[in-house]
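Below: one structure, written as structure tokens.
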Amino acid sequence: MSETTTPLNDRFGGFVSARSRERLVEGLRQKGIDNERVLNALARVPRHDFVEEALKSRAYEDTALPIGYQQTISQPYVVALMTQLLLTGRDRLKRVLEIGTGSGFQTAVLAQVCARVFSIERIGALAERAHHRLEKLGIENVSLRHGDGTNGWSAKGPFDGIMLTAAPDRVPDSLFAQLAERGVLVAPEGSDRQQRLLYWIKKDGIALRHKSIDVVFVPLQAGQA
Ligand code: SAH
């Protein structure tokens, strides 16, 4: 995909939402996001298309919002930070796996900085909605799957980036096995509703762990719904 700040197919209040996005991006910059590719991606993806009608006016606030089924669309700052961590040391990724599609917003952001995104969602209704949204926006480099992503998607790996947007107690070993050399895995880890954002970089076959900020994510749950 080209490196521009041109918005994706913007169906709703184009000019107003573009200005709201610019303000949001300025706020992200002030909070320390400094990867221009990531900031461009956040400037391009219309977040209001990923929330229900009643929440559209709040889509450019830097907060998580409900998306139904007791799930949430992540806070833009956390989306930007996780994307920035995933890109550590690299300009662009070839193959990325996301576990927890949810609204599809993070997926759409990843699709701006990766050649190919694979994303798994355990709740069928959310997977379907995300599919329609991405299609409407003309985002074509994403493959979605309805199912339990706990053990990744080995048939499509290895991945040079893996991102979990739901929190396991501990990241399963099977996911590290699907991470390519120099690949980065980003995940919130911990129990209940308070976790630490961690990232691992694989070097010589060993994934080295690094700590980032405290975060609040929904738990990674087994099985599909
Ligand atoms: N990135 C998403 C975050 C959604 S919340 C967004 O910004 O909208 C996390 C999502 O992970 C939820 O939709 C939840 O259903 C999903 N999830 C939880 N456990 C999962 C699992 N084992 N496999 C796939 N998806 C899972």
Side-chain angles (χ1 to χ4, degrees), residues 21 24 28 38 41-42 44-52 55-56 58-86 96-114 117-134 137 139 142-154 156-157 159 161-175 178 185-195 197 215-225:
R21 281 206 290 282
L24 173 66
L28 297 176
V38 174
L42 268 293
R44 295 184 79 218
V45 179
R47 192 168 181 253
H48 62 260
D49 277 341
F50 293 83
V51 296
E52 297 306 317
L55 292 171
K56 285 194 191 301
R58 299 189 52 198
Y60 297 102
E61 291 175 14
D62 192 16
T63 53
L65 294 168
I67 55 171
Y69 307 90
Q70 297 174 306
Q71 309 302 323
T72 52
I73 180 172
S74 306
Q75 179 192 352
Y77 171 69
V78 174
V79 169
L81 177 63
M82 289 175 82
T83 310
Q84 181 165 290
L85 292 174
L86 201 73
V96 163
L97 173 66
E98 178 193 32
I99 300 168
T101 317
S103 67
F105 178 67
Q106 171 77 74
T107 321
V109 169
L110 287 172
Q112 310 306 304
V113 297
C114 308
V117 183
F118 299 87
S119 184
I120 311 175
E121 170 55 53
R122 70 178 285 275
I123 299 176
L126 290 179
E128 194 155 315
R129 267 184 225 165
H131 172 77
H132 289 303
R133 285 170 180 148
L134 296 171
L137 290 170
I139 295 176
V142 171
S143 303
L144 295 184
R145 193 179 111 190
H146 172 217
D148 181 354
T150 307
N151 292 308
W153 196 344
S154 59
K156 302 292 183 186
F159 302 99
I162 299 180
M163 181 184 287
L164 278 70
T165 67
D169 288 342
R170 276 192 76 108
V171 175
D173 289 341
S174 52
L175 296 183
Q178 289 166 42
L185 187 151
V186 182
E189 210 183 58
S191 46
D192 301 328
R193 296 210 155 227
Q194 182 70 38
Q195 308 100 17
L197 185 62
V215 284
V216 181
F217 273 87
V218 297
L220 188 78
Q221 282 179 283
Q224 62 185 61

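The figures here come from the full heavy-atom set of this structure, side chains too, leaving out hydrogens, waters and symmetry mates. The structure presented is a predicted model; accordingly, all values stated were derived computationally and were not measured. Start at 1 and go down the list; that is how both ligands and their atoms are numbered.
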Open item on the list: So if I count the atoms of ligand 1 from 1 in the order they appear, which ones are less than 4.0 Å from some heavy atom of Thr150?
Closed with: 22 (N)
Open item on the list: Check contact between Glu98 and ligand 1, using heavy atoms of the residue and a distance below 4.0 angstrom.
Closed with: yes
TODO: Give the numbers and elements of all ligand 1 atoms closer than 4.0 Å to a heavy atom of Val218.
DONE: 5 (S), 9 (C)
Task: Residue Ala166 vicinity, atoms of ligand 1 by number, heavy atom under 4.0 Å - done: 11 (O), 18 (C)
TODO: Going by the side-chain contact (heavy atoms from CB on, under 4.5 Å) test, name the single residue among Ile67, Leu65, Leu134 that passes it with Phe50.
DONE: Leu134
TODO: Pull out every atom of ligand 1 sitting under 4.0 Å from any heavy atom of Thr72, numbered as shown with elements.
DONE: 3 (C), 4 (C), 5 (S), 8 (O)
Task: salt bridge (charged side-chain N to carboxylate O under 4.0 Å, His left out) evaluation trace for Arg133 with Glu52 - done: CA-CA 12 Å; Arg133 285 170 180 148; Glu52 297 306 317; 3.7 Å; yes
Task: Closest candidate by heavy atom, reference atom 8 (O) of ligand 1, pool Gly102, Ser103, Ala225, Pro168 - done: Ser103
Task: Distance filter under 4.0 Å to Asp148 heavy atoms, resulting ligand 1 atoms - done: 21 (C), 22 (N), 23 (N)
Task: Full working for side-chain contact (heavy atoms from CB on, under 4.5 Å) between Ile99 and Met163 - done: CA-CA 6 Å; Ile99 300 168; Met163 181 184 287; over 6 Å; no
TODO: Just jot down the ligand 1 atoms closer than 4.0 angstrom to any heavy atom of Ile123, in number order.
DONE: 15 (O)
Open item on the list: If you count every heavy atom of other residues, nucleotides or ligands that lies below 6.0 Å from Gln224 atom CD, does the total exceed 12?
Closed with: yes
Open item on the list: Any heavy atom of Gly147 closer to ligand 1 than 4.0 angstrom?
Closed with: yes
TODO: Report the distance from atom OG1 of Thr107 to atom CD1 of Ile139, rounding to the nearest 0.5 Å.
DONE: 8.5 Å
Open item on the list: Please check this pair: side chain of Glu121 against backbone of Gly102, looking for a donor-acceptor N/O pair closer than 3.5 Å.
Closed with: yes
Open item on the list: If we ignore hydrogens and angles and just use 3.5 Å, is the side chain of Gln178 paired with the main-chain N or O of Asn151 as donor and acceptor?
Closed with: yes
TODO: Report yes or no: does a heavy atom of Pro219 sit under 4.0 Å from some atom of ligand 1?
DONE: yes
- [ ] State if Thr101 counts as touching ligand 1 under the rule of any non-hydrogen atom under 4.0 Å.
- [x] yes
- [ ] Within a distance under 4.0 Å of any heavy atom of Leu126, pick out the atoms of ligand 1 and give their elements.
- [x] 13 (O)
TODO: Could you tell me whether a side-chain N or O of His146 sits under 3.5 Å from a main-chain N or O of Arg122, the two making a donor and an acceptor?
DONE: yes
TODO: With heavy atoms under 4.0 Å as the rule, classify the contact between Arg122 and ligand 1 as side chain, backbone, both or neither.
DONE: both
TODO: State, without any angle test, whether Thr83 and Gln106 hold a side-chain donor-acceptor pair at a distance under 3.5 Å.
DONE: yes
- [ ] Would you mind listing which atoms of ligand 1 come within a distance below 4.0 Å of any non-hydrogen atom of Gln106?
- [x] 1 (N)
Task: Distance-only N or O hit between ligand 1 and Gly149, under 3.5 Å - done: yes
